[in-house]
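Below, chain A is the first sequence line, B the second, and so on; all start at residue 1.
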Number of protein chains: 2
Amino acid sequence: MNEEFRESRSGCPINLSLEVFGDKWSLLILRDMTFGGKRHFRELMRSQEGISSNILADRLKMLVEKGILTKADDPTHKQKAIYSLTEMSIELVPIFAHLGAWGRRWLPVSEELSIRAQLLEAGGQAMWDEFMAELREEHLGAPPPDRSRTGGRTVRQTLQVAYEAVLARQAAERAAE
Amino acid sequence: MNEEFRESRSGCPINLSLEVFGDKWSLLILRDMTFGGKRHFRELMRSQEGISSNILADRLKMLVEKGILTKADDPTHKQKAIYSLTEMSIELVPIFAHLGAWGRRWLPVSEELSIRAQLLEAGGQAMWDEFMAELREEHLGAPPPDRSRTGGRTVRQTLQVAYEAVLARQAAERAAE
DNA sequence: CTAACCAATTGTATTTTGCAACTGGTTGCA
DNA sequence: TGCAACCAGTTGCAAAATACAATTGGTTAG
């Protein structure tokens, strides 16, 4: 397991974490998989930030090597690869939540791209736990979580609906001008 | 405030956060200031990971420009600069805590460099709040927090004592072989 | 049969990083 | 007063990472 860390700069947990995703793209790929439900190379290419295909290929390879993602053949298409989160990456959800909250508080975020972060912050640990359970179901084939409390809607759907509502309102406001 | 983000790739809070410290060094510098109490260039040069002086100078400049640090003259020495955390960087404490917990769980950390992360994780939000209050006192001149509950020892001292205890035990074990 | 789709790879230019040496000055001490 | 240690960087250069555009070799739907 530890072979890719042979040349690590130090055994500090923060440093080792940064050696994994201390760059401008790795966490964005994981963000799109986690919150955007993206599983394929081509879906990941359509990121807000415009990643190029060689960088994406390189990062996916690295993340698979480090055990943060897994890669499998998609049965519906011989050339299609499907990427999955692992427990390792699913447990980044609280970090995403805090990172989003911090960014929303201190940086010039746009409303539509920060509504998810806002809801995730407001939902707290309970929502994060629920979301992680959903990801385990979707990516690891874990048994489905009890969804009776949440009205049958997944956390990702909740976030997505809120995002689209903001987009719709913005479009209406622009039309009204 | 937002001038340095004019060319940002997107208004997503996670993306904007990564544009600030999505590299291999910025968070390590902030870690050393936050947990190591380092305030001077030369102290920061002595990181576990061996940052080089040009990179350190570049990152300090960027972090000051972005409002994540401030820089002031040290009255004790004409050439000495003293760097301080701001509210922005003090509020990274929960992110450090989660990042440390994640790294400790999934990466090949060393015992002595992860004992702090372990204590910080165990201490939870209450400990993080206490620590942030201490940092505000130390870096922003905020009024001292009520320290009666904690036996007069600061969180940083608690972490440091634990770190040194591990080092001492390791030295004793090596001597006993 | 063909156009769209698929996950990349290739080539090249630019930018960032890493490393070592060096700068111009300040301070403590003998 | 002179000298060594200290101070925050800067400079020059090589190596690595990144960005961008074009292309590859194959698959699939209509």
Side-chain angles (χ1 to χ4, degrees), chain A residues 4 6-10 15 18-30 32-33 36-66 68-84, chain B residues 4 6-10 15 18-30 32-33 36-66 68-84:
Chain A
E4 47 271 1
R6 260 175 305 199
E7 301 188 68
S8 73
R9 299 179 298 187
S10 85
N15 171 60
L18 291 176
E19 292 195 25
V20 173
F21 44 70
D23 69 90
K24 295 256 187 281
W25 291 110
S26 300
L27 274 185
L28 293 185
I29 295 168
L30 296 173
D32 285 350
M33 292 188 63
K38 299 182 181 178
R39 307 289 295 265
H40 301 290
F41 192 93
R42 267 191 145 64
E43 293 175 316
L44 290 164
M45 277 296 288
R46 295 180 219 118
S47 70
Q48 285 282 336
E49 293 82 11
I51 191 170
S52 38
S53 58
N54 55 346
I55 304 291
L56 177 58
D58 179 83
R59 290 305 184 283
L60 286 171
K61 190 180 163 199
M62 180 273 289
L63 291 168
V64 168
E65 279 171 1
K66 293 238 200 311
I68 291 167
L69 298 177
T70 55
K71 180 182 179 179
D73 292 337
D74 187 324
T76 70
H77 190 302
K78 279 190 182 171
Q79 268 183 315
K80 229 165 170 174
I82 187 158
Y83 290 93
S84 298
Chain B
E4 46 270 1
R6 260 175 307 198
E7 300 187 69
S8 74
R9 299 179 298 188
S10 87
N15 172 60
L18 291 176
E19 292 195 25
V20 174
F21 44 69
D23 72 82
K24 295 255 185 283
W25 290 111
S26 299
L27 274 185
L28 293 185
I29 294 169
L30 295 172
D32 284 350
M33 290 187 64
K38 299 182 181 179
R39 307 290 295 265
H40 302 289
F41 192 93
R42 267 193 143 60
E43 292 175 317
L44 290 165
M45 278 294 290
R46 294 180 221 117
S47 70
Q48 285 282 335
E49 293 82 12
I51 193 170
S52 38
S53 58
N54 55 343
I55 304 289
L56 176 58
D58 179 83
R59 291 303 184 283
L60 286 171
K61 190 180 163 200
M62 180 273 287
L63 291 169
V64 168
E65 278 171 3
K66 293 236 196 314
I68 292 168
L69 296 177
T70 55
K71 180 181 177 179
D73 292 337
D74 187 324
T76 70
H77 189 301
K78 278 188 183 173
Q79 269 182 312
K80 231 166 172 172
I82 187 159
Y83 289 94
S84 298

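Between C:dC5, D:dT18, D:dT28, one nucleotide has an atom nearer to the side chain of A:His77 than all others, and that is D:dT28. Side-chain proximity of B:Asn54 to the nucleotides D:dA19, D:dG12, D:dG9 is greatest for D:dG12. Comparing C:dG18, C:dA7, D:dA8 against the side chain of B:His40 picks out D:dA8 as the nearest. The listed nucleotides are D:dA8, C:dA8, C:dA21; the one nearest the side chain of A:Lys71 is C:dA8. Comparing C:dA8, D:dA19, D:dA8 by their closest approach to the side chain of A:Ala81 singles out C:dA8. Listed nucleotides: D:dT10, D:dG25, D:dC7. Nearest to the side chain of A:Gln79: D:dG25.
Separating the CZ atom of B:Phe41 from the P atom of D:dC7 is a distance of 12 Å, rounded to the nearest angstrom. In this entry the distance linking CG of A:Leu60 with C1' of C:dA7 reads 10 Å, nearest Å. Put simply, CZ on B:Arg59 is 11 Å from C1' on C:dG18, counting in whole angstrom units. Between the CE atom of A:Met62 and the C1' atom of D:dT18 there is a distance of 14 Å, rounded to whole Å. Atom NZ of B:Lys24 is separated from atom P of C:dT15 by 21 Å (rounded to the nearest Å). One can place CD of A:Glu49 at 16 Å from P of D:dT18, the figure rounded to the nearest angstrom. The nearest whole Å value for the distance from the CD1 atom in B:Ile29 to the P atom in D:dG9 is 12 Å. Atom CD of B:Glu19 and atom P of C:dT16 are 12 Å apart (whole Å).
Looking at heavy atoms from C-beta onward, A:Ile82 lies in side-chain contact with A:His40 at the 4.5 angstrom threshold. B:Ile51 is listed as a side-chain neighbour of B:Ile29, based on a closest heavy-atom distance under 4.5 Å. Using a 4.5 Å heavy-atom cutoff, the side chains of A:Arg39 and A:Tyr83 are not in contact. The shortest side-chain heavy-atom distance between A:Lys24 and A:Glu49 does not fall under the 4.5 Å cut-off.
Each of B:Lys78 and A:Ile82 lies near DNA chain C, and the nucleotide nearest A:Ile82 is the one positioned closer to the 5' end. Nearest-nucleotide positions on DNA chain D place B:Arg39 closer to the 5' end than the other of B:Arg39 and A:Ile51.
For B:Trp25 and C:dG18, the shortest distance from a side-chain N or O to OP1 or OP2 is below 4.0 Å. Applying the 4.0 Å criterion to OP1 and OP2 of C:dC6, one finds that A:Tyr83 has every side-chain N and O outside that range.
Applying the 3.5 Å distance criterion, the base of C:dT17 shares no donor-acceptor pair with the side chain of B:Ser52.
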Side-chain polar contacts of residues 54-63 of chain A - donor-acceptor pairs under 3.5 angstrom, sequence neighbours left out - could you list them?
{"unit_1": "A:Asn54", "atom_1": "OD1", "unit_2": "A:Ser52", "atom_2": "OG", "d": "3.3"}
{"unit_1": "A:Arg59", "atom_1": "NE", "unit_2": "A:Asp23", "atom_2": "OD1", "d": "3.3"}

